[in-house]
Amino acid sequence: MNDYNFAYLDEQTKRMIRRAILKGLAIPGYQVPFASREMPMPYGWGTGGVQISAATLTPEDTFKVIDQGADDTTNAVSIRQFFEKTAEVETTTTTSEATVIQTRHRIPEEPLTEDQILVYQVPIPEPLRFLEPRETETRKMHALEEYGLMHVKLYEDISQHGHIATSYAYPVRIEGRYVMDPSPIPKFDNPKMEMAAIQLFGAGREQRIYALPPYTSVVSLDFDDHPFDPSKAPHCCALCGAEDSYLDEVIVDDEGGRMFVCSDTDYCERRRAAGHRGAALAEDAA
Amino acid sequence: MSAVALEGGFVDAPRDAAFAFRALMEVMARPGRIEELAGATPPAPLSIAAGVLLLTLADHDTPIYLGGACDTEDVRRWISFHTGAPMSGPSHAAFAVGNWDDLQPIDAFPIGTPDYPDRSTTLIVEVPELEASGAKLSGPGIRDQAFLSLPDPETLAKNNARFPLGLDFYFACGARVAALPRSTRIEACM
Amino acid sequence: MYVAVKGGERAIENAHAWLAEERRGDPSIDELSVAQIREQLSLAVNRVMAEGSLFDPDLAALAIKQARGDLIEAIFLIRAYRTTLPRFGSSEPIETSDMQCDRRISATFKDVPGGQILGPTFDYTHRLIDFKLAADGEIPDAAEVPTDPEPVPHVTGFLNKEGLIEEALDDEEAPRDLTREPLELPADRALRLQALTRADEGFTLGMAYSTQRGYARNHAFVGELRIGTVPVEMDIPELGFAIEIGEITVTECESVNQFKGSKTERPQFTRGYGLVFGQTERKAISMALVDRALRWEELGEDFVGAPAQDAEFVLYHGDNIQATGFLEHIKLPHYVDFQSELELVRKLRREAGASQVQEAAE
């Protein structure tokens with residue numbers, strides 16, 4: 001891969017992406033159009049996040065990639081290897097050691113610090129897209145701050161189901177202005193978005209970049225009589241016993257037996273290393 | 001072409017630009033923070049910070065407006081040689097460089113449109129001093145409050161009032177740089 | 001003990017090795033050379049060049065080999081490679097009126113100056129499997145006649161002289177570049193044509209076909225279809241003039257479409273335009289029909305809600321690299337999202353169950 005430039009992209013492309021990132025930070029929640037490039041991985045597989053990471057990484061960074069909260073899922077492995085080869089950066093699976101973290105569908109459990117940057121892969125950046133497929137229309141709606149349709153949709157859920165029937169990619173309002181798609185993270189992660197780290201969002205196929213500076217106000221849309229509920233499975237992790245982490249449900253036998261384990265694999269490993277034990281490991285401890 | 005125009009660029013562009021961008025991103029994401037830039041030595045009166053910023057962000061696609069004292073033949077040639085950016089008037093500038101007074105009136109620069117608020121000019125203001133004191137800042141990127149020496153808090157507060165439209169600012173002082181995005185709320189307190 | 005889904009790294013390596021083996025197939029069978037693909041599967045090569053937006057037959061042939069004949073995969077390889085190439089400048093517009101034609105037909109006139117040249121076409125072959133090819137049969141030489149080196153005039157030019165067809169005027173504006181700027185709507189015709197020429201052949205064909213069946217019908221004739229080579233020239237500022245840097249094969253289709261006229265304009269024919277790399281006539285004709293359908297607004301026609309009239313729909317969904325990537329990404333793990341849905345459905349069911357029990361009790 002040495003025939004390619006540092007971090008794969010040519011400098012002109014990086015400048016274009018960097019300008020878009022800076023505009024995104026200056027207008028939190030607004031989707032900045034950018035001339036996304038074809039990457040050597042398919043659209044929909046993180047090309048937006050990869051382009052942001054490529055424009056952001058320096059040779060001194062330590063890079064972590066997670067998909068569904070895990071470092072060892074195949075697409076996370078693939079993206080990590082890409083940057084090991086093209087940017088010669090150090091990589092890690094330890095959240096606290098990483099300076100740049102690229103993620104798909106999760107925010108790490110461990111709170112991020114001022115010295116970290118979180119890069120999200122975004123499939124459909126437009127939160128209004130499922131209500132209005134036309135870009136020309138949704139752009140107008142953002143310009144005019146016309147978000148009534150979104151509230152109507154959420155309220156229809158309540159009247160039909162008794163609850164807002166959106167459990168991931170739950171829309172948020174940024175600084176009281178733009179409604180933003182937080183990417184398909186579970187709504188459990190929404191409250192973490194008011195954080196110390198810089199958050200950058202990249203949608204390659206849809207050619208959009210958006211961003212949140214640290215401590216930006218991020219409010220999950222809700223109603224006075226139906227406040228936002230970031231709930232998760234009412235269990236604790238079978239491996240590390242954590243009660244505060246987002247859980248994956250794993251089918252363990254043919255009878256439909258299940259166990260719940262942390263989706264954030266680094267968090268779970270770190271807790272176990274510190275001696276925490278969940279129900280499934282209770283015998284080991286004994 | 002004069003030697004001045006050819007010298008003072010990045011030695012290792014991919015790496016130099018990557019480090020510079022990170023500093024520029026930090027200050028834009030955290031209004032009030034001051035970072036140091038390195039890697040370029042532009043001709044006077046352009047500061048190191050303004051020079052590095054232009055090498056990092058400017059190219060053929062970003063017309064540049066040079067205000068007043070900054071608009072010298074050496075500076076034009078240096079920018080043109082190292083970035084390829086065309087020079088323009090205020091109304092088409094992606095970046096504008098100059099002292100605060102030389103960039104007046106800032107109303108001449110585009111502030112974006114309701115559909116595309118990003119289509120606005122970023123002003124690179126050469127300032128004689130840059131300190132984390134003076135005007136009180138709050139808003140995105142700031143946990144409680146921050147302070148920054150601003151040339152004209154009142155005008156900048158008006159800029160904020162137009163959010164999401166508006167201009168974004170970098171302040172360059174020697175090698176040091178700070179930023180003020182349009183999203184920052186400003187109180188001129190001493 | 002339960003082990004989380006581990007070993008992604010090794011799984012990927014093994015999958016790659018297996019893929020390489022499958023690509024080669026039975027090693028006792030001779031390996032295909034890139035030259036064989038370039039020469040004998042040239043229409044596949046042409047499609048990969050057209051939709052990959054890069055004219056390089058050898059590279060396209062290599063991509064087809066690497067992609068095991070999956071043309072969309074091959075197009076993807078070419079696109080990803082293309083973006084890494086430095087851009088030295090842009091050529092002068094090619095002059096298709098200077099084309100050395102291998103094929104040139106008009107459906108609107110029985111004969112035209114320059115003549116009808118069938119060229120190497122499947123059109124009148126009977127689609128019978130030729131078992132001789134399976135036996136590596138020698139092919140008889142095709143008859144050769146000396147060609148007229150004079151350029152062949154465009155058929156629509158004849159209509160133009162009578163004012164029977166709308167004039168296509170050069171607006172002198174440098175077109176925007178779809179590969180360097182984000183797509184922005186409304187898109188002008190130059191941008192739409194750019195998108196169409198690299199759009200998926202199947203998608204474009206389906207869209208064009210839908211206009212013929214009545215979804216924004218515009219009565220298209222192939223005014224002219226021409227395939228051949230044209231020189232590519234580039235202006236060299238240091239020299240002060242343009243020099244020829246190479247030659248490419250293109251297919252050009254100009255459709256002639258009906259137009260009733262309006263209060264301000266007398267009845268005249270209108271145009272659709274298709275221009276595609278290589279010998280790619282199905283694509284070029286489809287492109288012309290879709291181009292014409294997308295022009296409803298500038299021609300003062302009604303929007304009848306047809307998909308082929310809808311620029312946003314066509315431009316956002318015609319690119320097979322975007323489409324295939326997003327479609328196939330649903331193979332990636334989504335268990336975190338699914339888990340959140342699972343919890344929600346369980347909760348809703350619990351509450352629905354509880355209220356039913358309560359109702360039964362009342």
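So you know, we letter chains A, B, ... as the sequences are listed, proteins then strands, and number each from 1.
Across L180(B), L57(B), I142(B), D168(B), the residue that shares the most heavy-atom pairs under 4.5 angstrom with chain A is L57(B). Contact count versus chain A (heavy atoms, under 4.5 Å) is highest, among M25(B), E26(B), R30(B), for R30(B). Listed options R22(B), H60(B), R15(B) were ranked by heavy-atom pairs under 4.5 angstrom with chain A; first place goes to R22(B). With respect to chain A, the highest number of heavy-atom pairs below 4.5 Å among G84(B), A58(B), G139(B), G112(B) belongs to A58(B). Chain B forms the most heavy-atom pairs under 4.5 Å with one residue out of L144(A), I117(A), L9(A), L212(A), and that residue is I117(A). When each of E194(A), M16(A), E114(A) is checked for heavy-atom pairs under 4.5 Å with chain B, E114(A) comes out on top. With chain A as the partner, the residue from G166(B), G141(B), P181(B) showing the most heavy-atom pairs under 4.5 Å is G141(B). When the candidates I198(A), L25(A), L22(A) are compared by the number of heavy-atom contacts under 4.5 Å with chain B, L22(A) comes out ahead.
Residue contact with chain B, scored on non-hydrogen atoms closer than 4.5 Å, is absent for A20(A). Proximity to chain B is limited to the side chain of D61(A), based on heavy atoms less than 4.5 angstrom apart. Only the backbone of L57(A) comes within less than 4.5 Å of a heavy atom in chain B; its side chain stays farther off. Contacts between Y170(B) and chain A at a heavy-atom distance below 4.5 Å involve the side chain alone, from C-beta outward. The contact between F95(B) and chain A is made entirely by side chain atoms (from C-beta outward), counting heavy-atom distances below 4.5 Å. Using a 4.5 Å cut-off between heavy atoms, S217(A) does not touch chain B at all. When heavy atoms are compared at a cutoff of 4.5 Å, R177(A) approaches chain B solely by way of its side chain, counted from C-beta outward. Residue contact with chain A, scored on non-hydrogen atoms closer than 4.5 Å, involves the backbone and the side chain of Y116(B) alike. Residue V218(A): no heavy atom, backbone or side chain, is found under 4.5 Å from chain B. For chain B, the nearby part of E11(A) is the side chain; its heavy atoms alone come within less than 4.5 Å. Looking at L55(B), only its backbone comes within 4.5 Å of chain A, counting heavy atoms on both sides. Contacts of L200(A) with chain B are made by side-chain atoms alone, with heavy-atom separations under 4.5 Å and no backbone atom involved.
Between R106(A) and E109(A) a salt bridge is recorded (basic side-chain N to carboxylate O distance below 4.0 Å). Between R76(B) and E73(B), none of the side-chain N atoms (NZ, or NE/NH1/NH2) sits under 4.0 Å from a carboxylate O, so this pair counts as no salt bridge.
Under a cutoff of 6.0 Å and an axis angle of 45°, R18(A) and F34(A) do not form a cation-pi pair. Because its NZ or CZ atom is not both nearer than 6.0 Å to the ring centre of F81(B) and within 45° of the ring axis, R77(B) does not count as a cation-pi partner of that residue.
The side chain to side chain contact (heavy atoms under 4.5 Å, CB included) with E126(A) is formed by just one residue from the set R208(A), M141(A), E132(A), H142(A); it is H142(A).
Note: F169(B) and F171(B) have parallel aromatic rings, judged against thresholds of 30 and 60 degrees for the angle between ring planes. The aromatic rings of F63(A) and F83(A) lie perpendicular to each other, with more than 60° between the two planes, well past the 30° mark.
Looking only at atom types and distance, the side chain of R173(A) has no donor-acceptor partner in the side chain of S220(A) under 3.5 Å away. E97(A) and T62(A) share no donor-acceptor pair across their side chains, judged by distance under 3.5 Å alone.
In summary, the aromatic rings of F109(B) and Y65(B) are positioned with their centroids under 6.0 Å apart.
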